[in-house]
Amino acid sequence: MPILKFIARRLGLGVLTIFAVSVLIFLVTQAFPSDPAQAILGRETTPEALDALRQELGLYRPAVTQFGAWFFDILQGDIGKSFVTQLPLSDYIAPRVGNSLFLMLVSAVFSIPISIAVGAFSALRRDQTFDKVSSTTSLVLAAVPEFVMGTGLILLLSTSVFQILPAITLIDAGQKPWSDISGMVLPVLTLILAVTPYVSRTMRASMIEMLESDYVEMARLKGMSERTVLLRHALPNALGPVFQVIALNLAYLAGGTVIVERLFNFPGIGSALADSVRARDLPAIQFLTLMIAGVYVLMNLLADVATVIATPRLRTSLK
Amino acid sequence: MDQQEIETSGLSRRHFIQGASSVALAAGIFSSSSLNALAASVPGKKGGSLKVGVVGDVKDLLDAHWIVAIPDIVRLNVGFETLMVYDENFKPTYKDGLAEEVSTKDGINWIIRLKKGIEFHDGKTLTADDLVYSWQRLSNPAEKHSKALRPFLNPAGVSKVDNRTAKLTLLQANADFMVTLATYTSTVVPVGYQNYAKSPLQIGTGPYKLKSFTPGVESTHVRHKNYWDSGKPYLDEVRVLSFSDTTALTNALQGGQIDVAINVPLATLPTLKKNKKLDVYSNSAGKITPICLVIDMDPFKDVRTRQALKMLINRKNLIKQVLSGNGRLANDDYSPADPNYNSNKYPMQEQDATGALELLSAAGFSKSKPVVFDLKAPDDDAALSGLAKAFVEQVNTASGGVVKATATTVASGYWDTTYMAPGVNAFMTYYNPKPYFPQFSGMIFSYPETHFPEPGSNIKDLYAKALGEVNPKKRAAMVAKMQKEEHERGGYIIPYFVNAADSYSNKVKGINKRNSALPLDYYGMHFKNIWLDK
């Protein structure tokens with residue numbers, strides 16, 4: 001099966017990428033201006049206490065040894081303990097992964113169908129009112145940074161103009177991410193508004209290209225119904241490039257939503273990463289960035305596979 | 001005259017306290033503090049859950065004797081109590097403390113008797129054994145929290161007298177030791193107590209006991225049913241929620257998701273004050289954000305440079321510029337609530353460019369050989385980085401180019417890499433309000449930021465003598481000498497006292513609006529005075 005070979009090859013490359021990323025992360029954390037022991041003990045500490053903690057955390061070992069030990073543990077599924085809390089990192093990260101995944105899924109479930117529909121419809125109604133309005137709107141939305149959008153929504157819907165939605169998400173420790181649905185509305189809305197413009201604009205461009213292609217012309221000349229032409233011929237081919245954009249946006253939603261998470265005090269992995277950097281919690285920084293890199297690699301792989309399967313000429317060219 | 005004008009006009013503190021409450025002015029004979037105390041003593045409604053928001057992160061910790069950041073102070077205060085508590089004039093009192101009486105004859109031997117019938121969260125009665133354990137833990141030199149106490153007490157100096165009485169024998173006389181008993185980290189814990197990292201069981205005597213704690217997320221504290229102060233506390237539970245930054249914190253308060261926001265940015269006060277559902281409590285007890293000039297490093301080695309910089313600034317403008325008016329003038333001195341504050345009666349330093357330039361010229365500086373330094377500030381506190389920038393701008397402009405200073409905001413890790421670091425000659429720091437002696441000790445012994453005093457100074461001996469002096473008049477004379485040396489030769493520039501502001505829903509009742517070392521009058525005295533009006 002050529003497709004399996006393709007997947008295997010991409011997986012191998014993915015593993016290499018992740019290894020390279022892990023080396024890079026490790027080097028970056030070594031270059032921080034202060035070390036974790038100092039960050040943990042704070043301004044009121046003694047050189048002896050610092051020395052003892054550095055010893056305890058293994059910071060005196062050579063960098064290569066530290067990296068090797070960490071990487072070996074990760075391979076065995078042991079992500080280690082937090083330097084700061086001395087508690088297993090899995091206890092800290094697992095619920096946050098759940099929260100972030102839920103935020104990503106809900107945002108994706110709304111934003112992907114909406115953006116595909118809007119993009120496809122704009123292409124069909126090219127240069128008409130709907131297309132003009134949606135193009136302008138998506139351009140504006142794409143230009144506005146998320147924290148401005150989020151702050152605007154908070155001002156509008158929760159603090160200043162109307163007070164109908166909570167300004168922040170309150171998910172208690174040990175609670176499921178859906179325990180505060182009303183508190184999820186604003187972060188989800190912000191992410192939908194952040195993601196939709198990119199996907200819909202790509203969809204529109206791709207769909208226009210397909211509608212102008214020879215084979216669609218051919219299908220129409222053969223006398224097929226417009227519905228069949230669109231759904232069976234134009235749409236599947238138009239989706240190929242869109243999968244790539246969707247994948248990147250999903251990966252972004254899964255790990256890169258630091259700003260949105262902080263704005264809404266959402267206990268996800270984005271805010272965990274920001275927290276860990278501030279606290280110089282090396283094991284947490286290393287694992288979280290590795291995980292986010294892993295999500296990017298995986299999403300890209302899935303997008304490539306989906307593109308290949310959805311695009312006949314790519315599928316048949318695999319050997 | 002509104003509150004802001006009173007605060008910036010340099011009127012005495014007594015006037016300020018009276019001016020802070022229009023009711024008190026109308027009544028004429030009452031001070032605002034007694035009215036507030038009256039309001040706080042009205043019995044409240046029982047029940048409800050109070051949500052308190054504070055900026056915190058995964059470094060949040062829980063230890064009855066040790067704090068690093070503000071959320072730690074809040075949590076310590078919910079569950080643990082001290083022997084004495086400061087009143088609004090920073091005098092230690094018995095009212096909300098665990099001690100019934102504290103006495104000394106010589107300033108060395110201190111006898112502490114506990115109030116009767118105080119129970120810990122687990123039902124055990126508080127005894128002198130717990131007191132001995134607490135003070136041995138507090139003074140244990142192996143523990144980092146013992147630093148300020150080390151010159152006065154070691155664990156061997158703590159002993160039991162009877163079941164309700166303990167004795168502390170100090171290493172040197174300290175007539176002011178009650179201040180230490182009233183410091184909020186000097187709490188009483190049961191025998192065997194360990195911090196949260198070692199044992200999640202956090203037993204204290206406070207009005208609420210810990211139910212759950214997740215650093216960087218939240219902690220829940222439920223009512224202590226057998227609390228000693230009868231009829232209190234009112235709430236069923238107190239929840240302390242950590243926020244990633246002040247924006248999320250104030251949004252949550254305005255959106256009604258939390259009832260209390262601790263330490264809101266001064267810039268948000270106008271917005272919060274306009275909100276009819278919220279109350280703002282601006283506390284002016286004497287928080288300082290000193291500019292530290294290291295006195296044994298150039299260009300500050302010459303005392304005239306230090307003096308000139310103090311004369312070049314316009315303090316009133318700094319309050320307007322950096323604090324949006326939320327502060328009051330300071331004259332490089334500290335601890336405004338202390339009875340010995342400004343004992344030499346120095347007049348407020350006005351901007352005096354001519355005088356400053358004369359001093360700088362005498363010290364050998366000119367436009368062609370300017371005073372050059374870089375003032376470092378952290379990025380995590382706008383009050384510090386803002387002051388650094390405004391200060392530098394003022395001294396450069398007012399000196400007409402004889403001072404060429406720059407301000408650098410250190411993006412990350414300031415407190416680890418830059419603060420008090422070797423080679424750094426000018427940097428920012430901050431202190432919460434304290435009486436004079438603990439503040440002096442902090443600046444000289446715990447954090448020798450400016451390397452003051454100069455060689456040959458006897459100010460440290462004077463401090464030790466003044467501490468041991470029981471006669472207030474003799475002691476005031478010694479303090480006046482210390483303050484003279486600090487004022488004339490010190491490396492701190494303290495242009496103003498910063499207000500600390502907190503905001504809360506107007507459903508939250510029972511907060512005594514007086515000046516205190518901690519927000520909301522010790523968080524509504526461990527939240528026991530606070531109730532919810534639904």
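Just so it is clear: chains get the letters A, B, ... in the order the sequence lines come, proteins before strands, and each one is counted from 1.
A:Pro166 touches chain B through backbone and side chain together, each having a heavy atom under 4.5 Å away. Interface residue A:Ile171: only backbone heavy atoms are found under 4.5 Å from chain B. Both the backbone and the side chain of A:Ile168 come within contact range of chain B, with heavy atoms under 4.5 Å apart. Neither the backbone nor the side chain of B:Thr271 comes within contact range of chain A, judged by heavy atoms closer than 4.5 Å. Using a 4.5 Å cut-off between heavy atoms, B:Ala252 touches chain A through backbone and side chain atoms alike. For B:Val58, the parts lying near chain A are the backbone and the side chain together; criterion is any non-hydrogen pair under 4.5 Å. Neither the backbone nor the side chain of B:Ile258 comes within less than 4.5 Å of any heavy atom in chain A. For B:Lys274, no part lies under 4.5 angstrom from a heavy atom of chain A.
Counting heavy-atom pairs closer than 4.5 Å to chain A, the top-ranked of the candidates B:Asn275, B:Thr247, B:Asp245 is B:Asp245. In terms of non-hydrogen atom pairs under 4.5 Å with chain A, the most contact-rich of B:Ala197, B:Ser244, B:Gly216 is B:Ser244. Between chain A and the options B:Ala142, B:Ala248, B:Gly255, B:Gly256, the largest number of non-hydrogen pairs under 4.5 Å is found for B:Ala248.
Between atom CD1 of residue A:Ile154 and atom CG of residue B:Asn251 there is a gap of 4.0 Å, rounded to the nearest 0.5 Å. With rounding to the nearest 0.5 angstrom, the CD atom of A:Gln175 is 9.5 Å from the CD atom of B:Glu218. Here CG of B:Leu241 is found 8.5 Å from CG of A:Asn265. Values are rounded to the nearest 0.5 Å.
Counting non-hydrogen atoms of other residues, nucleotides and ligands closer than 6.0 Å to CZ of A:Phe110 gives a total of 12 or fewer. Around atom CZ of A:Phe147, no more than 12 heavy atoms belonging to other residues, nucleotides or ligands sit under 6.0 Å away. Atom NZ of B:Lys59 is surrounded by more than 12 heavy atoms from other residues, nucleotides or ligands within 6.0 Å. For A:Phe72, the CZ atom sits in a loose shell: 12 or fewer heavy atoms of surrounding residues, nucleotides or ligands are nearer than 6.0 Å. Around the NZ atom of B:Lys209, the shell of radius 6.0 Å holds no more than 12 heavy atoms that belong to other residues, nucleotides or ligands.
Considering all non-hydrogen atoms of both residues, B:Gln254 and A:Gln163 come closest at O-NE2, 3.6 Å.
A donor-acceptor contact shorter than 3.5 Å links the side chain of B:Gln257 to the backbone of A:Ala167.
For A:Ala108, the side chain to side chain contact (heavy atoms under 4.5 Å, CB included) partners at least two apart in sequence or on another chain are A:Ile112, A:Leu250.
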